[in-house]
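Counting begins at 1 with the first residue of the sequence. Because only heavy atoms are used, hydrogens play no part in the values below, and waters and symmetry mates are left out as well, while side chains stay in.
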Amino acid sequence: MAVASTNAWKVDIEDTIINAVRSQFKSTLPVFRSRDNQIRGNQFAILKGDNSSSDNNMYAKISDNYNLTIEFFMLDRTRNENTVKRFFKTVSRLEEVIYSLLEINPTYKPEVSSINYDDDQINGYRTAIFNVNIRSVR
């Protein structure tokens with residue numbers, strides 16, 4: 001008999017993050033799962049699952065830590081004070097969504113280890129890169 005396996009991190013965490021961002025921002029911020037950066041509109045986010053690690057491989061089948069990256073892109077050609085405020089407001093809302101995952105699924109503890117900002121990295125886009133570490137609390 002064949003046994004079906006699923007990636008618990010993809011199902012439990014990545015899909016939960018994507019659904020939470022989509023419900024918070026509706027259609028104003030599309031979220032994609034990808035390994036490469038493709039320009040997909042005026043503002044969008046890309047979720048990249050990096051790696052997972054287990055503290056003890058002898059008994060743990062599911063790893064204890066999962067590292068992922070959320071990259072937020074916003075087109076900013078005017079470069080004025082209002083667009084900078086809008087950029088950081090959206091970044092703040094994204095960070096709030098990540099920490100709200102603790103309320104959605106209390107068995108995982110998300111932590112934003114760093115947020116890196118780049119200006120005009122790709123054709124006039126401002127970017128914020130969230131490095132997120134999620135621990136299993138089981």
TODO: Quick one: which residue pairs count as a salt bridge (Lys or Arg N to Asp or Glu O under 4.0 Å) with a foot in residues 90-101, not counting sequence neighbours?
DONE: none

TODO: With rounding to the nearest 0.5 Å, note down the distance linking CG in Asn116 to CD1 in Ile129.
DONE: 6.0 Å

Task: Tyr117 and its ring-ring contact (aromatic ring centres under 6.0 Å, His included) partner, picked from Phe73, Phe88, Phe72 - done: Phe88

Task: Student check: side-chain heavy atoms of Arg79 and Asp119 closer than 4.5 Å - done: yes

Open item on the list: Within this structure, what is the NZ-CG distance for the pair Lys109 and Asn65, rounded to the nearest 0.5 Å?
Closed with: 11.0 Å

Open item on the list: Can you classify the ring geometry of Tyr125 versus Phe44 as parallel (below 30°), tilted (30 to 60°) or perpendicular (above 60°)?
Closed with: perpendicular

Would you be so kind as to tabulate the donor-acceptor pairs closer than 3.5 Å made by side chains of residues 18-29, with sequence neighbours excluded?
residue	atom	partner	partner atom	Å
Asn19	ND2	Asp15	O	3.1
Arg22	NH2	Val31	O	2.9
Ser23	OG	Asn19	O	3.3
Ser23	OG	Ala20	O	3.0
Lys26	NZ	Ser23	O	3.1
Thr28	OG1	Phe25	O	2.6

Open item on the list: I want to check something: taking the side chain as every heavy atom from C-beta on, are Ile13 and Tyr108 in contact at a cut-off of under 4.5 Å?
Closed with: yes

Task: Ser114 and Asn131: side chain donor to acceptor below 3.5 Å - done: yes

Task: Euclidean distance, Ile134 CD1 relative to Thr16 OG1, rounded to 0.5 Å - done: 9.0 Å

Task: Heavy-atom donor-acceptor pair, Asn80 side chain to Thr83 backbone, under 3.5 Å - done: yes

Open item on the list: To the closest 0.5 Å, what do you measure between CG (Asn133) and CG (Asn67)?
Closed with: 4.5 Å

Task: Atom of Gly49, atom of Glu14 and distance for their closest heavy-atom approach - done: CA-OE2, 3.4 Å

Task: Distance, nearest 0.5 Å, that separates CG of Asn82 from NZ of Lys89 - done: 11.5 Å

Task: Ion pair check, Glu71 and Lys48, cut-off under 4.0 Å - done: yes

- [ ] Examine distances only and state if a side-chain atom of Thr90 and a backbone atom of Arg86 form a donor-acceptor pair shorter than 3.5 Å.
- [x] yes

Open item on the list: Please find the pair of heavy atoms, one from Tyr99 and one from Pro110, that lie closest to each other, and give the distance.
Closed with: CE2-O, 3.6 Å

Open item on the list: Could you measure the distance from the CG atom of Asp118 to the CZ atom of Arg126? Nearest 0.5 Å is fine.
Closed with: 11.0 Å

